[in-house]
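Okay, so here's the structure we're looking at.
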Amino acid sequence: MIRLQNINLTSPEAIQRLANNHAIAVNLRDAFPYPYTIEDAITFLGLAENGVLGHVFGIYEDNTFVGCGSLIPQHDVYRINAEIGYWIGEPYWGKGYATETVRLLLNFAFEALNLLRVYANIYEYNIGSMKVLEKVGFEKEAVIKSSVIKEGKIIDEHLYSIRKT
C-alpha cells in the first residue's frame, strides 16, 4: 500500500538516489535534469515548498520513498484542469505504484481541489505510462504530431485526460 506525503518531508539524498536515472529522465521534460545531483534535488524541494510546481507529493511504501507525483492546477479559463505528473524509481517499477499513485492524485484533484478534468502529455515511446493512465480510466484525446524535441529527436505527444464523474 502506498501513500502520498508532502515532498518537503523527503530528503534530497533520497530524491537524488532515485532520480539520477536516464530511464526516468527520458520520459520527463528537460527541466528534470540528467545527471540528477543533490543540488538539483535541493532546488526542486525549494520550488515545491514555494508552490511553484503546484501540488507535489512524495510517493511512499511504508517509510520508503519510491517516487514523486504532482498536480499542476491550471489558470484563467483552464482553471477547472490540472496536469498530472509522476515518476517511480526504477527499483519499484512493475509493482503497481504508478497506477495507485495516479488514483490517489485523482482523488486529491477531484475531491480536495474540486477540479473537473485532469490531463497528461505522454511521449510517444512511453507505452508504460499510457497503459497506467488507461488502466485508471484516462482516454486518449489526441496525438499531437511532431510537438516535442527530446534528446535531439522530434516526437509525437499523446494527450490523455479524465473527467470527474
Side-chain angles (χ1 to χ4, degrees), residues 2 4-5 7-8 10-49 52-61 64-74 81-106 108-109 117-162:
I2 66 160
L4 302 179
Q5 77 174 32
I7 192 65
N8 291 99
T10 307
S11 74
E13 293 79 13
I15 295 170
Q16 189 271 336
R17 191 170 27 259
L18 290 183
N20 188 31
N21 185 329
H22 180 262
I24 293 171
V26 72
N27 292 307
L28 302 175
R29 293 187 180 139
D30 288 346
F32 188 97
Y34 180 78
Y36 196 102
T37 66
I38 288 290
E39 292 76 21
D40 294 323
I42 291 168
T43 298
F44 167 70
L45 288 169
L47 293 170
E49 185 173 21
V52 174
L53 304 174
H55 301 278
V56 184
F57 301 94
I59 305 164
Y60 281 80
E61 179 187 40
T64 302
F65 174 71
V66 300
C68 185
S70 67
L71 287 163
I72 303 171
Q74 302 300 292
N81 296 272
E83 181 178 11
I84 193 171
Y86 52 90
W87 60 266
I88 305 294
E90 190 169 9
Y92 307 102
W93 290 0
K95 300 178 189 287
Y97 295 137
T99 302
E100 186 59 24
T101 294
V102 171
R103 286 187 178 117
L104 291 170
L105 288 168
L106 287 175
F108 183 77
R117 181 176 170 272
V118 174
Y119 69 91
N121 295 305
I122 308 296
Y123 303 149
E124 65 183 24
Y125 51 77
N126 192 349
I127 306 303
S129 258
M130 291 181 202
K131 288 181 180 179
V132 164
L133 295 175
E134 290 167 359
K135 184 186 291 187
V136 175
F138 279 72
E139 296 177 352
K140 187 182 294 189
E141 289 187 355
V143 176
I144 307 160
K145 300 288 187 182
S146 302
S147 61
V148 172
I149 184 166
K150 185 69 179 174
E151 297 187 331
K153 297 178 186 158
I154 305 293
I155 59 171
D156 297 344
E157 188 174 46
H158 295 235
L159 173 61
Y160 280 83
S161 76
I162 190 168

I would like to know whether Trp93 and Ile24 meet side-chain contact (heavy atoms from CB on, under 4.5 Å); could you show each step before the answer?
CA-CA 11 Å; Trp93 290 0; Ile24 293 171; 4.0 Å; yes
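- With rounding to the nearest 0.5 Å, the separation of NZ in Lys95 from CD1 in Ile2 is 13.0 Å.
- Proximity of Met130 to Phe138: side-chain heavy atoms (C-beta onward) are nowhere separated by under 4.5 Å.
- Using modelled atom types, one side-chain atom of Asp156 and one backbone atom of Ser146 make a donor-acceptor pair closer than 3.5 Å.
- What you find for Ser11 and Leu45 is that their closest heavy atoms are C-CD1, 4.5 Å.
- Across every non-hydrogen atom of Lys140 and His158, the tightest pair is NZ-ND1, 2.9 Å.
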Evaluate side-chain contact (heavy atoms from CB on, under 4.5 Å) for Ile59 paired with Tyr92, printing each intermediate quantity in order.
CA-CA 11 Å; Ile59 305 164; Tyr92 307 102; over 6 Å; no
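- Atom CG in Leu106 sits 10.5 Å away from atom OG1 in Thr101 (nearest 0.5 Å).
- Ring centers of Phe57 and Phe108: under 6.0 Å apart, within the cut-off.
- Note on residues 82-92: pairs passing salt bridge (charged side-chain N to carboxylate O under 4.0 Å, His left out), not counting sequence neighbours, are Arg29-Glu83.
- In this structure, Pro12 and Ala41 approach most closely via the heavy-atom pair O-CB, 3.5 Å.
- Taking 4.5 Å as the limit, every side-chain heavy atom of Tyr36 sits out of range of all side-chain heavy atoms of Leu18.
- For the pair Thr10/Tyr60, a side-chain contact is recorded, criterion being any heavy-atom separation below 4.5 Å from C-beta on.
- Put simply, CG on Leu105 and CG on Leu4 are 5.0 Å apart, with the number rounded to the nearest 0.5 Å.
- Atom CG of residue Asn21 and atom CD1 of residue Ile88 lie 12.5 Å apart, to the nearest 0.5 angstrom.
- Using a 4.5 Å cut-off on side-chain heavy atoms (C-beta onward), Lys150 and Tyr125 make contact.
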Go through the steps to decide whether Tyr160 and Ile122 satisfy the test side-chain contact (heavy atoms from CB on, under 4.5 Å), and finish with yes or no.
CA-CA 8 Å; Tyr160 280 83; Ile122 308 296; 4.2 Å; yes
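- Side-chain contact check for Tyr86 and Ser129: at least one donor-acceptor pair (N or O, by modelled atom type) lies under 3.5 Å.
- You'll find the side chain of Ile15 stays beyond 4.5 Å of the side chain of Cys68, heavy atoms only.
- Counting heavy atoms from C-beta on, the side chains of Phe65 and Arg17 never come closer than 4.5 Å.
- For the 3.5 Å distance criterion, the side chains of Asp40 and Thr43 fail to qualify, holding no donor opposite an acceptor.
- For the atom pair CD1 of Ile84 and CD1 of Ile162, the computed distance is 9.0 Å after rounding to the nearest 0.5 Å.
- Residues Gln16 and Ile38 come closest through the heavy atom pair CG-N, 3.5 Å.
- Taking each heavy atom of Pro73 and Gly54 in turn, the nearest pair found is CD-CA, 4.3 Å.
- Judged purely by atom type and a 3.5 angstrom limit, Lys153 has no side-chain atom pairing as donor or acceptor with the backbone of Val148.
- Considering all non-hydrogen atoms of both residues, Ile7 and Ala48 come closest at CG2-CB, 3.6 Å.
- With rounding to the nearest 0.5 angstrom, the OG atom of Ser161 is 6.5 Å from the CD atom of Glu139.
- In this structure, Glu100 contributes its side chain and Ala98 its backbone to no donor-acceptor pair below 3.5 Å.
- In this structure, Asn20 and Tyr34 have side chains that are in contact, with non-hydrogen atoms separated by less than 4.5 Å.
- Residues Val118 and Asn81 have side chains not in contact (no heavy-atom distance under 4.5 Å, counting atoms from C-beta outward).
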